[in-house]
Protein chains: 4
Amino acid sequence: MDGQDSGRGRPGRRRSEESRLAILAAAIDLLAESGYAALSIEGIAARSGTGKQTVYRWWPTKADVVLEALAVKTDLHIPIPDTGSYPGDLRAFLDASFALARTPRVLEVLRALMAHAQLDPGFGDRFRAGFLQRRRAALGVVLERAAARAELPPHLSTRTTADIVFGVIWYRVLTTTGPGDLTDPATADELAAELTGLLTGSPG
Amino acid sequence: MDGQDSGRGRPGRRRSEESRLAILAAAIDLLAESGYAALSIEGIAARSGTGKQTVYRWWPTKADVVLEALAVKTDLHIPIPDTGSYPGDLRAFLDASFALARTPRVLEVLRALMAHAQLDPGFGDRFRAGFLQRRRAALGVVLERAAARAELPPHLSTRTTADIVFGVIWYRVLTTTGPGDLTDPATADELAAELTGLLTGSPG
Amino acid sequence: MDGQDSGRGRPGRRRSEESRLAILAAAIDLLAESGYAALSIEGIAARSGTGKQTVYRWWPTKADVVLEALAVKTDLHIPIPDTGSYPGDLRAFLDASFALARTPRVLEVLRALMAHAQLDPGFGDRFRAGFLQRRRAALGVVLERAAARAELPPHLSTRTTADIVFGVIWYRVLTTTGPGDLTDPATADELAAELTGLLTGSPG
Amino acid sequence: MDGQDSGRGRPGRRRSEESRLAILAAAIDLLAESGYAALSIEGIAARSGTGKQTVYRWWPTKADVVLEALAVKTDLHIPIPDTGSYPGDLRAFLDASFALARTPRVLEVLRALMAHAQLDPGFGDRFRAGFLQRRRAALGVVLERAAARAELPPHLSTRTTADIVFGVIWYRVLTTTGPGDLTDPATADELAAELTGLLTGSPG
DNA sequence: GGATAAGCGAGACGGTACGTCAGGTCTTGTC
DNA sequence: GACAAGACCTGACGTACCGTCTCGCTTATCC
C-alpha cells in the first residue's frame, strides 16, 4: 500500500525515516492545537523542521498526511470480534467503533478526512479504498461468520446492513458537536437488536 | 432566517435584489463548472458583476451562499407524505430523499455543505439548524402519525429510527462516487421493511 | 513614465503613496545591506511591511523597483552643462557622470541594473528607454550646441562620440571592483581632449 | 587555469572527460534553447545525464560552465594582428572583435557573463582575470608594437586607449537588442581613425 | 431640499498558503 | 574517489483568495 519498496538496490539517498516521523508528529500536534482547517503543508513542514518539498514528495495532500499520522499515532485497528454469536459480535463491533470515535482527537480527524474526501476526488478515492473499505471488510467478516451460523435475519442484505451500521456511526460523527453527545448507551443496543432480529428491548 | 427586516424605516439605500440573485446564480454556475473546491467568494463576485463587499455583507461564507442558492434554484422541499400507513409514508419519504440526492448538482452541493460544516464550526451550527433539523422534523411528523396509529415497532426509539434513515442516506451521499450508484431499488425496500417491522422473521 | 494617472474619477481605493515609498525605501535599505543578488521581492515586501501582491501590482521585477528607488532616493539628474564651450561642457558632463558613479550605492545599483537588463529582455527595453536614452539625449544637447558653434571635430559622428563617452563610463563601472579605482583624474582629461580635438598631434 | 593537475598519483577514479564534455555541450544546448536566465545547474545535469554533484565538483557557478563551454565550442581566440602599421593592426583588432560579437550565440553569452560578473563578485574576479585581462593584453601587444614604431598619438595613455576600444565594444554589446544593429561599418573606421590620430575620414 | 445613512461596483491593501523550481549538500551503491 | 541518482533543507518564485478598507456613486429616509 505504500507504493515504494524503500529502494533496495536503487542509487540515491534513501528516504529519511526521521523526517517522515517528524512530519506525522507535526501534523498531529498542529491538528490538536488549531484544528484541521488551520492545518497547512507549509505549517507542517515548518513545525517538523523539514522542507515543503519533502512533504509534497511523499504525500499529495494534507489529508493524506493526516490519514497516515492517525494510523501511526492512534491504534485504528478495531479487532474483528469473535464472541461466538452474531449479536455479540455486532455489539462488540459497534461498541469499539463508537469508543474510538469518542476520542476527541480521533473524532476531529475522522470528520476532517470525510470532509476532505468530499472536496478532493483524488483523496476521496484513496480514503474509500484505504479506510472505508477496510472497515466494511472487517464488518464483512462478522457477517460471514453469522451467515455460516445461519444467524442472519433473512430480509437484510449484507450491503444494507453495513450501510446502516456505518451510516449511523458516520451520521453521528458528522452531525454532533462534541464527543459527549456522540452516543447514548441505548444506541448500540437498539441498533444491534434491530439488525440481528432480536426484538427484546423496549425503547425509551 | 435571514435576520434583517429589510430596514423598514431605516434610512439608506435598500438591499439590491438584483445583486442578490446575480450572486446566487453565479454561485450555482461556478459550482457546476468547476466544483465546490474551486469556488471562491472572489470568483462569485467577479462572475456576478458585484463587489466582494456585497457578498460578505450578506453571507458569512461561501457555503452559506451555496446553501441559499440551492434553496432558490432547486426545490428542496420534500413534502411530508401522507399515504395513510407508516410503511407507505416511510417509503415515500425515502424515495423522495434518494430521488433528490440523485440529481447530480444537488448531490455535489449536499456533499460540499456537509464537508464545509465539518471544517467551519459556525457554518456547522447553521447547517444543522437550518437544514438537518428541518429534515429530521419532517420525518418526525411521519413518525408521530405512525405512533398515533400504533404502527411503530416497539423496540426502536424515534431518535435511532431517524439516525438510521438519515445515516444511510448521508452515508450513501458521502461515499459513492456518482449519482448512478447512489442507490439500487432494493435499498429503500429493505430499509422501509426493516424499520416498519414488516417481514421480520420471515425467510427471504 | 509612470503609466497610471492616479485614477482620478475611477472607482476603487487609490494607490497608497505610503506603501509605495515604504517599498522603495526597503529596496534601498536591503540593497545597501546585502547587495542586489540577495534582494528579493519577498524580502522587499517583508521589510516594507506590505504584501507581495502590492509590489507585483506596480512593478514587474525587482530591477524596476530599484530603478525607481534610485530615482527617488538619489538625484540622478545630471544637469546639462553650459559653460560656453564644447570642451568645457564635455568635461563637466564627464566629471558629473564619474562623480555620480563614484557614489558606492549608485555604483552598485548601476551595475545591477545593467546586469538585470541583460538577463531580462523586458527590463532591458525599459532600462534602455527610461535610462540610457535619457543620458544619451542629455549628451546630445551638448553636442548640438557644439555643432551650432562649429566646435565639433569633423571626423567623429555624434553616435560614435556618444558611444565612446558612455562606453568608457560603463566599461569602468562594470569592470572595476570598487569606487576607488573607477577613475584617475587623467581619464576625463584625456577623453575630453581626444573627443574635442584639442592637443591632437602635439607631443605629450 | 583549471586548478587541478588531473590527480597524477592520487588514488581513486579519475575525472570523466566524457561527463565534462557532456556538461559543456548541455550548457550550450540549453543556452541556445532558452537563454541564460533559464539556465540552471539542475537543468545542465539533467540534460547531460550527469549528477548535480559532478557539476558542482568542477565548476563553482553556471557562469563558469558557460565560460568554459564557450571556449570549447567557439574559437574565442582573436589573433593578435600584425599588419605592419598601427592603424592596420587596430582596424583588424576591431573588425575581429565586432565580427565575433556579431555571432548571435556569442553575443548572448558575452552579455550573460558580463551580467553574471556584476551579480557574483567571485565570478567577477574570475571573469576579469580569465577573459577581460586577456583581451586587454592582446590589445596591449598591438599598442606596444605601435609604440616601438613611434606611431602612438602622444596624448592618449595606453589605459585610456584600451578603455575606449573595449568600452565601445562592450557598450554596443550590452545595449543593442540584436546582432544586426551591433555595428554599422563606419564605427570601426571612425574609432580606428580617432585613436590612431588619422583625421582623414569625414563622418556622416 | 439638504443632511444623513446605507448599499453598490470597483479595486487596492496586508496577509497566508499554495505548488513549483532551483540552490547547494548529503547519502547510497557502482565503477 | 569520481560517478549517477536522488532525497534533503532552504528560500524565493508568482498566483490565488482571504477579509478589510477606501473610493465615487446611487438610493433611501428624515428633518
Side-chain angles (χ1 to χ4, degrees), chain A residues 7-16 18-20 38-43 45-46 48-58 60-62, chain B residues 7-16 18-20 22 38-46 48-58 60-62, chain C residues 7-16 18-20 22 38-43 45-46 48-58 60-62, chain D residues 7 10-16 18-19 38-43 45-46 48-58 60-62:
Chain A
R8 281 293 102 208
R10 272 192 305 149
R13 188 173 178 171
R14 280 202 284 274
R15 178 174 184 182
S16 163
E18 197 180 356
S19 292
R20 178 178 158 265
L39 190 65
S40 68
I41 293 208
E42 192 111 15
S48 65
T50 64
K52 282 166 68 175
Q53 197 67 262
T54 301
V55 183
Y56 280 112
R57 195 164 7 237
W58 303 108
T61 73
K62 64 173 179 170
Chain B
R8 279 296 100 207
R10 272 190 304 149
R13 188 174 176 172
R14 276 199 285 274
R15 177 175 186 182
S16 162
E18 194 180 359
S19 292
R20 178 179 158 266
L39 191 67
S40 67
I41 294 205
E42 194 107 17
I44 292 171
S48 64
T50 64
K52 284 166 67 176
Q53 194 68 265
T54 301
V55 183
Y56 280 112
R57 198 166 359 239
W58 303 108
T61 73
K62 64 173 179 169
Chain C
R8 280 293 102 207
R10 272 192 306 149
R13 188 174 176 173
R14 279 202 284 274
R15 178 174 185 182
S16 162
E18 195 180 358
S19 293
R20 178 178 158 266
L39 190 67
S40 68
I41 293 207
E42 192 111 16
S48 65
T50 64
K52 283 167 68 175
Q53 198 67 260
T54 301
V55 183
Y56 281 112
R57 197 164 6 237
W58 302 108
T61 73
K62 65 173 178 168
Chain D
R10 274 190 298 148
R13 188 174 177 174
R14 274 200 287 278
R15 177 175 186 182
S16 161
E18 196 180 358
S19 292
L39 190 66
S40 69
I41 293 205
E42 194 108 15
S48 64
T50 64
K52 283 165 69 175
Q53 194 66 262
T54 302
V55 183
Y56 280 113
R57 197 163 6 236
W58 303 109
T61 73
K62 65 172 180 169

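Labels below follow one simple rule: chain letters A, B, ... track the order of the sequence lines, proteins then strands, and each chain is numbered from 1. These figures come from a predicted structure and were not determined experimentally.
- Residue C:Ser16 places none of its side-chain N or O atoms closer than 4.0 Å to OP1 or OP2 of E:dA12.
- Residues that satisfy the side-chain contact (heavy atoms from CB on, under 4.5 Å) test with C:Arg57, not counting sequence neighbours, are C:Gln53, C:Thr54.
- Computed from coordinates, the C:Gln53 CD to F:dA16 C1' distance equals 8 Å when rounded to whole Å.
- Proximity of D:Ser19 to the phosphate of F:dA4: a side-chain N or O atom is located under 4.0 Å from OP1 or OP2.
- Taking atom CD on B:Glu18 and atom C1' on F:dT26, their separation rounds to 13 Å, with Å as the unit.
- Between D:Val55 and D:Ile41, the shortest heavy-atom distance links the atoms CG1-CG2, 3.8 Å.
- Residue-to-nucleotide contacts include a donor-acceptor pair under 3.5 Å from the side chain of C:Lys52 to the base of F:dG14.
- If you check distances only, the side chain of A:Arg13 never reaches the base of E:dT28 with a donor-acceptor pair under 3.5 Å.
- The phosphate of F:dC8 has OP1 or OP2 within less than 4.0 Å of a side-chain N or O from A:Arg57.
- For the pair A:Gly49 and B:Gly43, both in contact range of DNA chain F, the more 5′-proximal nearest nucleotide belongs to A:Gly49.
- With rounding to whole Å, D:Tyr56 atom OH is found 5 Å from E:dG24 atom C1'.
- With values rounded to the nearest 0.5 angstrom, A:Arg15 atom CZ is found 5.0 Å from A:Trp58 atom CH2.
- In this structure, B:Arg20 and A:Leu39 both approach DNA chain E, and ranking their closest nucleotides by distance from the 5' end singles out B:Arg20.
- Residue order along DNA chain E, read from the 5' end via each residue's closest nucleotide, puts B:Gly12 first among B:Gly12 and A:Glu42.
- Counting to the nearest Å, the P atom of F:dG19 and the CD1 atom of B:Ile44 are 11 Å from each other.
- Qualifying salt bridge (charged side-chain N to carboxylate O under 4.0 Å, His left out) partners for A:Glu18, counting only residues two or more places apart in sequence or in other chains: none.
- Counting all heavy atoms, side chain and backbone alike, D:Ala45 lies closest to D:Gly51 at CB-C, 3.9 Å.
- In this structure, B:Ile41 atom CD1 and F:dG19 atom C1' are separated by 9 Å, rounded to whole Å.
- Nearer to the 5' terminus of DNA chain F, by closest-nucleotide assignment, is the contact made by C:Lys62 (compared with the other of C:Lys62 and B:Ala38).
- Close to F:dG6, at under 4.0 Å from its OP1 or OP2, lies no side-chain N or O of A:Arg14.
- One finds a side-chain N or O of D:Thr54 lying less than 4.0 angstrom from the OP1 or OP2 phosphate oxygen of F:dA4.
- Under 4.0 angstrom from either OP1 or OP2 of E:dG11 there lies no side-chain N or O belonging to C:Trp58.
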